[in-house]
Amino acid sequence: MPAINPERVLSDLRTLATFGAYKTGVHRPTLSAPDIAAREWFAQRMTEAKLDASIDGIANILGRSRAPGRKALAGSHLESQNHAGWLDGPLGCVYALEAARAISEDPVTADLGVDVVVFCDEEGHFGSFLGSRSFIGRVEESDIDAARDATDGRPMRAALTAAGWAGRPRHVIDRARYAAFFEAHIEQGDTLESARLRIGVVTAIVAIWQYRLTVTGEQNHAGTTSMARRRDAGLALVQLLGAIDRRFPQICGERTVWTTGRIALDPGAKSIIPGKAEALFQLRDADPKVLDRLDAELNALVRDADERGRCKVALERLSASRPALMDEALQAALDRAAERHAPGAHIRMPSGAGHDTQWLAPLLPSAMLFVPSIGGISHHWTENTSDEDIVLGAQVFTDAIADVLRA
Ligand SMILES: [Zn+2]
């Protein structure tokens with residue numbers, strides 16, 4: 001199996017961390033000056049690896065291998081959340097680049113090709129997965145025109161123009177070219193670390209079902225309206241959320257999570273009984289059967305609250321994505337590579353976070369590898385992974401790609 005170069009992996013990652021360095025992490029929003037510089041630097045590294053590299057009209061970077069035959073496609077993203085960690089994204093980009101380098105440098109595998117892709121804006125500064133969705137042909141020029149940076153309102157078009165990339169043709173996936181897509185990522189949770197495991201093989205990227213709960217009561221005076229006759233929408237909403245939280249553990253899956261991301265009371269003043277209350281409620285699971293079951297129960301709880309309480313309660317489902325299932329044969333290749341280099345220290349697990357892979361998976365057999373996040377911390381500047389785990393993950397990732405390409 002092709003051997004990776006550990007020093008090269010670590011030094012590339014440390015160099016990337018200098019673009020927009022912030023404490024021990026990075027502040028590198030999409031198309032900020034450090035992000036543009038990081039992309040140019042990475043494209044240069046691709047060229048040095050003898051990949052035909054180009055940055056396209058939405059700042060995606062594709063480095064094409066010159067090897068014959070069907071290739072693997074591998075990559076992730078380079079930008080960060082605001083004031084966040086150094087590995088979320090770059091780890092997967094450097095692993096992909098190292099796999100391309102190590103496989104082409106080993107005479108035994110030199111005829112196998114790995115294309116490296118860096119998607120733009122996975123972190124959603126300008127939109128939702130604009131880079132990976134562009135790559136699968138699902139972003140129009142008008143979408144780019146409409147996109148604004150959520151932090152400062154800057155138009156994406158202006159940012160692309162400043163970088164010199166606006167109007168360039170965009171890379172679009174050539175499905176016939178690829179046997180598989182691979183993305184590596186830090187876990188961003190503590191499943192691996194708390195079980196003293198070193199490699200996660202992702203089974204599926206969870207689906208996210210998003211709801212709005214709306215409670216309508218009666219706005220009235222907080223002092224003169226008796227407890228017996230008031231219709232407090234805020235109280236009814238909180239009671240309903242409590243009922244959901246008591247019921248769901250009895251019927252959820254092993255890794256189901258639910259979140260009330262926002263509660264708004266109207267009018268939201270200290271001496272007024274809220275006449276209206278609204279919550280954004282979200283479910284995540286990788287199993288559609290579990291989601292269907294929880295959805296039915298949520299509807300039943302809302303119906304019950306509506307019929308028995310003093311307020312009107314309504315539920316609206318805003319969105320319901322499908323889980324992205326990872327390819328079984330690719331998971332098995334990652335299992336085998338992990339077992340070779342870290343016997344007994346790997347596990348299959350779903351991803352609770354969204355990743356670019358979820359957009360590729362319907363088009364190409366896809367796989368994801370996780371390495372541990374120290375303390376389970378991510379989207380924070382203290383995010384980190386040990387050097388040993390970084391190096392191990394790169395080797396497992398490269399082995400699995402070579403294995404799949406040779407099969
Ligand atoms: Zn990420």
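Whatever order the structure lists them in is the order used to number ligands and atoms, beginning at 1. Note: hydrogens, waters and symmetry copies are ignored here, and every other heavy atom, side chains too, is used.
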**Asked** Checking E187 side chain against L192 main chain: does a donor-acceptor pair fall under 3.5 Å?
**Response** yes
**Prompt:** Do any protein N, O or S atoms sit under 2.8 Å from the Zn ion (ligand 1), and which ones are they?
**Reply:** H77 NE2, D88 OD1, H185 NE2
Would you be so kind as to tabulate the donor-acceptor pairs closer than 3.5 Å made by side chains of residues 238-245, with sequence neighbours excluded?
unit_1	atom_1	unit_2	atom_2	d
D245	OD1	W258	NE1	2.7

**Fill in**
Those residues at least two apart in sequence (or on a different chain) that pass side chain to side chain donor-acceptor pair (under 3.5 Å) with E307 are none
**Request:** Return the set of residues passing salt bridge (Lys or Arg N to Asp or Glu O under 4.0 Å) with E98 (not counting sequence neighbours), or none when no residue passes.
**Result:** R8, R101
**Prompt:** Taking E183 for the side chain and T357 for the main chain, is one N or O donor matched with an acceptor at less than 3.5 Å?
**Reply:** yes
**salt_bridge(R14, E7) N-O dist < 4.0 Å** = no
